[in-house]
A.B. asks: 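Can you read through this structure? Questions will come right after.
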Amino acid sequence: MSEILNTLMQDDRVWQGQHHTRTGRPTEPTGYQVLDNQLGGVGWPRGALSECLLDEPGIGELHLLLPLMQRLSQAGKTVFWLNPPHTPYAPALARGGVNLDQVILINTEDDGDFLWTLENCLRSPVTGLVMAWPGKLAARDIRRLQLAAEAGSNVCVLFRERRHAEQNSPAALRLDLTAGSQQALKVNVLKRRGSWPGQCCSVAMAHRADLAFREAPRVVQGPWAGKTG
């Protein structure tokens with residue numbers, strides 16, 4: 001029995017009050033030292049779900065993932081965008097050092113297609129990062145996705161509305177994001193595997209202001225426009 005208890009105590013998924021456990025699981029640095037410091041010096045967990053909770057898109061949440069997108073895509077890993085609220089602005093991603101050949105955008109028709117697609121992206125050996133914007137997710141759906149994330153050992157970030165902060169979630173990391181002054185992004189750690197929540201920081205984004213998340217033009221007009229015959 002004591003061996004079982006010792007094994008559980010060493011598992012960073014078991015919360016031990018105010019005792020901090022440095023996770024031994026694989027992680028990816030966020031690219032922002034001020035944020036990594038609040039995450040125990042590690043970063044985005046691999047093989048687990050992370051949630052970014054925010055009121056509306058466009059406050060700098062994608063800049064938070066930009067260093068990771070750049071690093072993984074340059075390493076030949078695929079970066080999946082699943083049901084983003086707008087079309088990714090390719091020139092901005094390229095200026096940010098992202099290898100566009102490794103970026104795949106997927107839009108699904110319904111919740112069932114979304115879960116199936118996300119699960120298969122997570123299990124794929126070519127995947128480095130999955131960023132997904134789900135609609136309504138039941139607790140059983142999140143558990144299903146967590147198992148897929150563990151099987152793939154990649155980074156998965158779900159962008160969800162802040163009202164879901166009250167929902168129980170097996171996600172290893174949950175961040176509450178709000179817009180700060182001078183294009184900064186305020187980050188509040190709601191949950192962090194192996195430690196207690198409550199850490200806060202402000203991540204400066206002004207130096208990346210030209211990499212805004214924009215919607216691409218829907219109309220392409222060539223020199224033939226207006227000509228007949």
A.B. asks: Let me know which of L190, I142, V157 forms a side-chain contact (heavy atoms from CB on, under 4.5 Å) with E51.
C.D. replies: I142
A.B. asks: Using side-chain heavy atoms (C-beta onward) and a distance below 4.5 Å, is E119 in contact with R144?
C.D. replies: yes
A.B. asks: Could you tell me whether E28 and R71 have a side-chain N and a carboxylate O separated by less than 4.0 Å?
C.D. replies: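 Between R71 and E28 there is a salt bridge, with a charged N closer than 4.0 Å to a carboxylate O.
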A.B. asks: Pick from T108, I106, N107: which one makes a side-chain contact (heavy atoms from CB on, under 4.5 Å) with F114?
C.D. replies: T108
A.B. asks: Let me check something: do L65 and V98 share a hydrophobic cluster, defined by ILVMFWY side-chain heavy atoms less than 4.5 Å apart, either directly or through other members?
C.D. replies: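 Yes.
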A.B. asks: If you measure only the distance, is there a donor-acceptor pair under 3.5 Å linking the side chains of E150 and Q146?
C.D. replies: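 A pair is found: one side chain offers a donor N or O, the other an acceptor, under 3.5 Å apart.
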A.B. asks: Is the shortest heavy-atom distance from the side chain of F80 to the side chain of M131 under 4.5 Å?
C.D. replies: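 No, too far: nothing below the 4.5 Å cut-off.
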A.B. asks: Do the side chains of D113 and D110 get nearer than 4.5 Å, heavy atoms only?
C.D. replies: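 Contact flag for D110/D113 side chains = yes.
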A.B. asks: May I ask you to check whether over 12 heavy atoms, not counting those of N168, lie within 6.0 Å of atom CG?
C.D. replies: no
A.B. asks: To check you understand the geometry: which heavy-atom pair defines the closest contact between L93 and P88, and what is its length?
C.D. replies: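 It is CD1-CB, 4.1 Å.
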A.B. asks: Can a salt bridge be assigned to the pair D176 and R162 using a cut-off of 4.0 Å between side-chain N and carboxylate O?
C.D. replies: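 Between R162 and D176 there is a salt bridge, with a charged N closer than 4.0 Å to a carboxylate O.
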A.B. asks: Check whether any side-chain heavy atom of T27 lies under 4.5 Å from a side-chain heavy atom of R46, and answer yes or no.
C.D. replies: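 The answer is no, as the side chains (C-beta and beyond) never meet within the 4.5 Å cut-off.
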A.B. asks: Evaluate the side-chain proximity of L118 to L158: yes if any heavy-atom separation is below 4.5 Å, no if none is.
C.D. replies: yes
A.B. asks: So do the side chains of C52 and E61 get within less than 4.5 Å of each other, counting heavy atoms only?
C.D. replies: no
A.B. asks: Any donor and acceptor pair, going by atom type alone, linking the side chain of S124 with main-chain N or O of C121 inside 3.5 Å?
C.D. replies: no
A.B. asks: How close do C156 and L122 get, counting heavy atoms only, and between which atoms?
C.D. replies: CB-CD2, 3.4 Å
A.B. asks: Under the criterion side-chain contact (heavy atoms from CB on, under 4.5 Å), which of V130, V103, L129, T87 is the partner of W81?
C.D. replies: V103
A.B. asks: Please walk me through it: do Q167 and R160 pass side-chain hydrogen bond (donor to acceptor under 3.5 Å, both in side chains)?
C.D. replies: CA-CA 11 Å; Q167 178 185 10; R160 309 182 68 195; 3.0 Å; yes
